[in-house]
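Contents: one structure, followed by commentary.
First the proteins, then the strands, lettered A, B, ... as listed; each starts at 1.
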Number of protein chains: 2
Amino acid sequence: MISGKFAITIHILTLLHKFPNDFLSSEFIAGSINLNPVLVRKEIANLKAHHIVESKEGKNGGTKLAVNAAELTLKQIFEMTFESIGLGFAKNQPNPDCPVGKNINQHLEALYSEMNQKVSAQLEGISLEDFSNQF
Amino acid sequence: MISGKFAITIHILTLLHKFPNDFLSSEFIAGSINLNPVLVRKEIANLKAHHIVESKEGKNGGTKLAVNAAELTLKQIFEMTFESIGLGFAKNQPNPDCPVGKNINQHLEALYSEMNQKVSAQLEGISLEDFSNQF
DNA sequence: AAATTTGTAACATATTTTATTACAGTATGA
DNA sequence: TCATACTGTAATAAAATATGTTACAAATTT
């Protein structure tokens, strides 16, 4: 779940923000995303590990936001689901006997690191509340 | 080849820039990237389609740069290999009967579009020559 | 006690990426 | 002119990754 993780997580959080007084079930959330409920629960497990949401087991259980949506930034969500942005690396270890191969990944990393800073700055300026209130 | 395309292409171009007077074979290039030569030729086909390199078939054939490395920007390479950056979408069509599901992709696209602008601005300021001269 | 839900593991399927094989076509140069 | 060494490309295979499903124990409500 590399490409969908961020999108699914922000979808979940937007729903939780829209229903602040309810514990939403994974099945309900899955119905909005059109995704298997087990995968929703897996993303929720990640959110729980970061103390962003709390869940209640058992009948009428579900999940709700555990933080202030105005204080949760998209940057935090990004970091919980993506780690870092970039344009990728060649899969195999490049040839260490070639001056280019030996250093390419290091230079790509530097480039991507700068990209991350720019993207992070953008995402830091947007709260979950901001995002959710667009709907 | 989503994640590796940019990295492989810039690796190819850096090598071509380092040997401006030679036609480099796909096998030589593949040896530096540690990649199958057929995949190198595929990326070269893409570069040829954009008139960035020229190839010579036959014995002693290979590929060389066809543009000025000082004028080729990483943004152009990005656009030839990645199209756009972003944090992904959920794979399935979200529920159109849910106000959140109905609009989430549109809002994500707007967010990613802004990300792209920032990243493009960064990459536009770096030429292949700049990148290659780091080595 | 019955019903409903989370949490999680195990497994299955689908998709995407990467690698390989094969070979026709082209240029070089002995 | 013939052997050699390349490109170009298609077809296929293998590997890796992402997504989906099933199953069921544990928890909680009514």
Give me the ring orientation class for B/Phe6 and A/Tyr112: parallel if the planes are under 30° apart, tilted from 30 to 60°, perpendicular past 60°.
-> tilted
pair A/Leu87-B/Ile85: side-chain heavy atoms closer than 4.5 Å = yes
For D/dT7, take OP1 and OP2 only and decide whether either is under 4.0 Å from a side-chain N or O of B/Ser26.
-> yes
Roughly how many Å is it from CD in B/Glu27 to C1' in D/dA5, rounded to a whole number?
-> 10 Å
Measure from CD1 on B/Ile8 to P on C/dA19 and round the result to the nearest Å.
-> 8 Å
Just how far, in rounded Å, is P of C/dT15 from CZ of B/Phe89?
-> 19 Å
Please figure out whether A/Lys59 or A/Ile44 has its closest DNA chain C nucleotide nearer the 5' end.
-> A/Lys59
Check nucleotides 20-22 of chain C for protein N or O atoms closer than 3.5 Å to its own N or O atoms and list the pairs.
| residue | atom | partner | partner atom | Å |
| --- | --- | --- | --- | --- |
| C/dT20 | OP2 | B/Asn36 | ND2 | 3.1 |

Does a side-chain N or O from A/Asn92 land closer than 4.0 Å to OP1 or OP2 of C/dA19, or not?
-> yes
May I ask whether A/Leu15 and A/Val38 are part of the same hydrophobic cluster, defined by side-chain heavy atoms of I, L, V, M, F, W, Y residues being less than 4.5 angstrom apart, directly or through others?
-> no
How about B/Phe23 and B/Val53: do any of their side-chain heavy atoms sit closer than 4.5 Å?
-> no
Between C/dT5 atom C1' and A/Lys64 atom NZ, what is the distance in whole Å?
-> 17 Å
Between A/Lys5 (NZ) and D/dG20 (P), how many Å, whole number?
-> 14 Å
Side chain to side chain contact (heavy atoms under 4.5 Å, CB included) partners for B/Asn68, two or more places apart = B/Ala70, B/Glu71
Does A/Ser127 have any side chain to side chain donor-acceptor pair (under 3.5 Å) partners at least two apart in sequence or in another chain, and if so, which?
-> A/Asp130
Within-4.5 Å side-chain heavy-atom neighbours: B/Leu24 and B/Leu16 | yes
Rounded to whole angstroms, how far apart are NZ on A/Lys48 and C1' on C/dT5?
-> 12 Å
Spacing between B/Glu57 atom CD and C/dT28 atom P, to the nearest angstrom = 11 Å
Return the value, rounded to whole Å, for the distance between atom CD of A/Glu43 and atom C1' of C/dT8.
-> 14 Å
A/Gly58 or B/Asn60, whichever maps to the more 5' nucleotide of DNA chain D | B/Asn60
